[in-house]
Amino acid sequence: MDFLAFSRICESLENTNGRLDMTAIVRDALSSLDEADLPLFIRYLMGRTFPDWSQEKIGIGPNSVYDAVAYVAGRDRRAVVSTVNRSGDPGRAVESLLAKKEQMSFFSESLTLGDIGHDFTLLAATGGSKSQKEKDRVLRRLFGNASPLEGRYLARLLLGELRIGIGEGTMRDAIAGAFSVSPAAVEHAYQAANDLGEVALIAHRGEDALYAVHIEPFRPVKMMLAKQGTVTEMLSEAGVLAAEYKYDGTRFQFHKAGGICRMYSRKLEEVTHAIPDVVEMLDAATPHDIILDGEVIAVRDGRPLPFQYVLRRFRRKHDVASHIEEITLRPNVFDILWIDGETLIDLPFAQRRERLDAAVSDAYVAPQLVSGDEEEIDLLYRTALDDGHEGIMIKNPRSPYTPGVRGKLWVKIKPAVDTIDLVITAAEWGEGKRAHIFGSFLLSCLGDDGSFIPLSKVATGFSDEALQEMYAALSGNILSEEGKMVHVEPEIVVEVGYAEIQRSPNYTGGFALRFPRFIRLREDKSPEEIETLRMIEERFAAQSAR
Ligand code: AMP
């Protein structure tokens, strides 16, 4: 497929509002694609450049994109940046700059989805000292061959936000419609394969093929997530609960197959080299080929240390050995997804737990209480807090493992401070001695269609050090500036506390946080995992009920 045809579809989706109409446009497009284009079309339409499980990253910031466009349009970077600032949308700014260029040039090659895929792989593979030059060359060629409309979507794709509102749900339904299979089968295959592009290829072969999709080692699957809730509520639903400590550390997924071990973070990034000690412990803990889910914590004298200690280890790229001595890590395994070629995620949790106990040394398996007695569970909660943990997790013993789903099958119980994870989408320059860094931040939640919806500004709770850290994290991600406000790529997730959720006409989502306060950076979370507008509506309703 030509990238121009792809861009036209993007444009018509951008001009369409209803979800059903959008699904129909995507469905019709899918039916006409060949096997090579199908996965690329799906990934790109969702604003992703590689499969969700992949370690490949194009690693391009706004500055590289603006430089390439400046070169191609025969302008300087300042002119590009000021066009972006005026329009507030890098995509449309690039489009208008390329439109001026187009009047002058006569020769350019047409781009196909395959060309884009090839160049993205090249960008991801380019490393080392000469890498920036090579990346610049690829970007100039891409924008040099792009028509204005293609430029709009190419720029947005490179910057990680396509702004056409195709969420996973819409794509799932479109695939189901295009290949006459059920959305549930598509969802099932997606949970195991973790790439809707590949799932569409399988959907071609029918419903049974989708249900036969297996997890594969070294292709991490999304982590199952938890909601807030109460023991009483969960007990009345499930009768009996599996309760475990809620460890305040960092989530991991451990893969072992054919003598090779790899560790993945919650964002599914490989972290094997940052925590070789934990990898070794788990390797020794089982003779099986296996995929395990758990939380790693830092310990000193048998007690857990705050979460920041673990993050420090996950972040380290150099000098890992000396930090192993400083900070002792300990894995707590609480689930098993795959063993010796067998996918286990559809089994009820109680059965998975039996398989886990049989396969892994109990030194690293999280202790579990199975009980239908509320008092007994409350006692476990108090012990967890006394022992320095965050609270408890209660799980429905009959539940399958649902990758990427935040449902009520797992519920977290922790002391009542209301906190929320949101992504930073803009920042404002500080004042006085903070004039050279950012002083406040616009926080957004996730809409149904995958867009980011502003919810609140936060300016309190930051130490000077934290503000420096925020500046360092955001300054390379600036998309555009508007007065004192700077729009940034939605990448940095923060946890904030708040007193109340209120209705607000000032934000498009209709809600705002009262007294928001910065608590910590959540480098372990990706923007797709933050609070959704629906969850905020639920919180609002629960709060009104109280
Ligand atoms: P939250 O990050 O507040 O949404 O809480 C869910 C997180 O708690 C999970 O993603 C895990 O990283 C962590 N966690 C700690 N202990 C457990 C446990 N026993 N079972 C599941 N998740 C746990």
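Indexing begins at 1, ligand by ligand and atom by atom, following the structure's order.
Judged by distance alone, the side chain of Asn332 and the main-chain N or O of Gly294 form no donor-acceptor pair under 3.5 Å.
For ligand 1, the 4.0 Å heavy-atom shell takes in Glu244, Tyr245, Lys246, Tyr247, Arg251, Arg266, Glu295, Phe334, Met393, Lys395, Arg406, Trp410, Lys412, Lys414, Arg522, Lys525, ordered by chain and residue number.
Residues Phe120 and Tyr44 bring their aromatic ring centres within 6.0 Å. Aromatic rings of Tyr247 and Phe334 (six-membered ring for Trp) have centroids beyond the 6.0 Å cut-off, not under it.
Neither side chain, Asp373 nor Ser371, offers a donor N or O lying under 3.5 Å from an acceptor on the other.
Ring geometry, Tyr211 versus His188: the interplanar angle falls from 30° to 60°, so the pair is classed tilted.
A search for salt bridge (charged side-chain N to carboxylate O under 4.0 Å, His left out) contacts involving Asp293 returns Arg251, not counting sequence neighbours.
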